[in-house]
Asker: 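First the structure, then my questions, so here it is.
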Amino acid sequence: MHRRHLLNLILASAAFALPFGVGATQISNARLWRSDDKLRLVFDLSGPVRYKTFSLSAPERLIIDLSGANLSGDFSQLALGDTVIRSIRSGHFGMGDTRIVLDLSGPVQLNSFLLPPQDGQGHRLVLDLKTAAPLHIAAAPAVAVDKAHPKRDIIVVVDPGHGGKDPGAVGAKGEREKDVVLSIAQLLAKRLKREKGFDVKLVRNDDFFVPLRKRVEIARKHNADMFISVHADAAPRLTASGASVYCLSEGGATSATARFMAQRENGADLLGASRLLNLKDKDPMLAGVILDMSMNATLAASLQLGSTVLGSLAGITTLHQKRVEQAGFAVLKSPDVPSILVETGFISNARDSQRLVTTRHQQAVADGLFEGLQRYFQKNPPVNSYLAWQLEQKKAQV
Ligand SMILES: [Zn+2]
C-alpha cells in the first residue's frame, strides 16, 4: 500500500554537484505573479540549493524544505489577496535547513524548478501553482490524513574510500580502488535519492582526498542514521576474491583502541594490536575507518545491518566471507550511528577487478547495497522517519 500520491518529492538536479561545507544559501526575497491559470512564486537565492517539496492535505499545505539555507528576507509584503495561498510560514528545520509552508485554500498542481543567474537575476527557486480541478473521488481513509508526524528522511552517509592522493588498492591493469568505489557510491546515492523517505550524503563526490577524521565528522554533522564505507581492496594472496562486510567487535576491549590511538598520535605503526594486523595488511585506511566508526557505533545495529547487506550482496557477487567480519576493538560509549564497511571485492583479484570496473556490475553492487539498507530500515525504522510513519499507516489499515 503506497501513498506516494500524497507526497511529491522533487530533488534538485544540482543535488550531487554540491560539495560538502558550502556556506548557507540566503533566501533573500519572494515575488509573486498571477496569470489566468497559475500562480508563480519565486524565491531569490544567494546561491544554488537542494530542496524538496511535498504536499499535505486537510488542510491543504505545500511544504518546501531547503537544505543549508537561511531566510534573510520576509514574505509579509507579498500580496496574497485572492490567490490560492492563504499564508506563508517559515522556520528552521533540521540542521541549518529552512522549511517554508504555504497554507492553501485548495489542492494545487506544483511545478518547481531552479534557475541559475541570468539577465541580472541571481539564483532562483520557481514554484508554479496550478489550481487543481476539484476532482474528489472517494475520500481517502482517515489514516491518510497527516497527523503532524515529522516523517523525516532517513539519512545515509555513503563514504567512498580513499580518493585524491590516496588511490587505495591498484589492480594489475591499473584499476584504482578510489575510482571503482566512487562510482559504486554515486550509484548507491542516486538509488537512495530516488527512494522516498531516504536522504543521502556522499563524503566525497569527486576524486579528492578526505582525511579519516573528516569522514566520520561528516556522518555526525548530518545526524546520519547510518554510515557505509565502500571499498574494494587488495590482498597479498591474489586468489582472494569476493565481497565482505565489516563492523566492530566488542572483543579487543577499550585498551586496544586506546593503544591504537596512542600509537597513531605518536606516529608509530598504524596498528599495534596483533588482532588488527590482518586488517592493516589489507588496507590501513579500512582499519582506521572502522576504528573511528567505533567511537560512535551501535554494535548490534551494525551487525544486523551488516548481515542484511551481506545477504543482499550474496546474490550479486561471490562472498569472501559468509559472515559479517568484526574488527577487534571496542565500541565506545554513546553509540548512535550504525556503521559498516563493505569490501565490494578485491582489486587485486583479476576476475573481481575486471567486473568491478564495469558500470553494469557497479550498478548491481549499488542495487544490492541499497536493497540491504532498505530491508534493514524496514525492520528498524528510525523514530519519526517517513518509513516509520509508513509502517504505522500499514499497521493501522490491517
Ligand atoms: Zn579501501
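Order of appearance sets the numbers: ligands from 1, and atoms from 1 within every ligand. Heavy atoms only: backbone and side chains are in, while hydrogens, waters and symmetry mates are out.
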Asker: Ser312 vs Arg375, test: side chain to side chain donor-acceptor pair (under 3.5 Å). Steps then yes/no.
Answerer: CA-CA 9 Å; Ser312 292; Arg375 276 200 290 140; 2.9 Å; yes
Asker: Counting only heavy atoms not in Arg31 (residues, nucleotides, ligands), do more than 12 fall under 6.0 Å from its CZ?
Answerer: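 It does: Arg31 CZ has more than 12 such atoms within range.
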Asker: For Glu371, does the CD atom sit with more than 12 other heavy atoms under 6.0 Å from it, leaving out its own atoms?
Answerer: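 Buried by this count: over 12 neighbours within 6.0 Å.
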Asker: Kindly report the ND1-the Zn ion (ligand 1)-OD1 angle for His231 and Asp233 respectively, rounded to 10°.
Answerer: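 His231 ND1 and Asp233 OD1 form an angle of 140° at the Zn ion (ligand 1).
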Asker: So does Asp199 pair up with Lys201, basic N to acidic O under 4.0 Å?
Answerer: yes
Asker: At a threshold of 2.8 Å, where the distance has to be below it, does the Zn ion (ligand 1) have an N, O or S atom of Glu343 nearby?
Answerer: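 Checking Glu343: none of its N, O or S atoms is under 2.8 Å.
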Asker: With the Zn ion (ligand 1) as the point of reference, which N/O/S atom of Glu177 is the closest?
Answerer: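 It is OE2 of Glu177.
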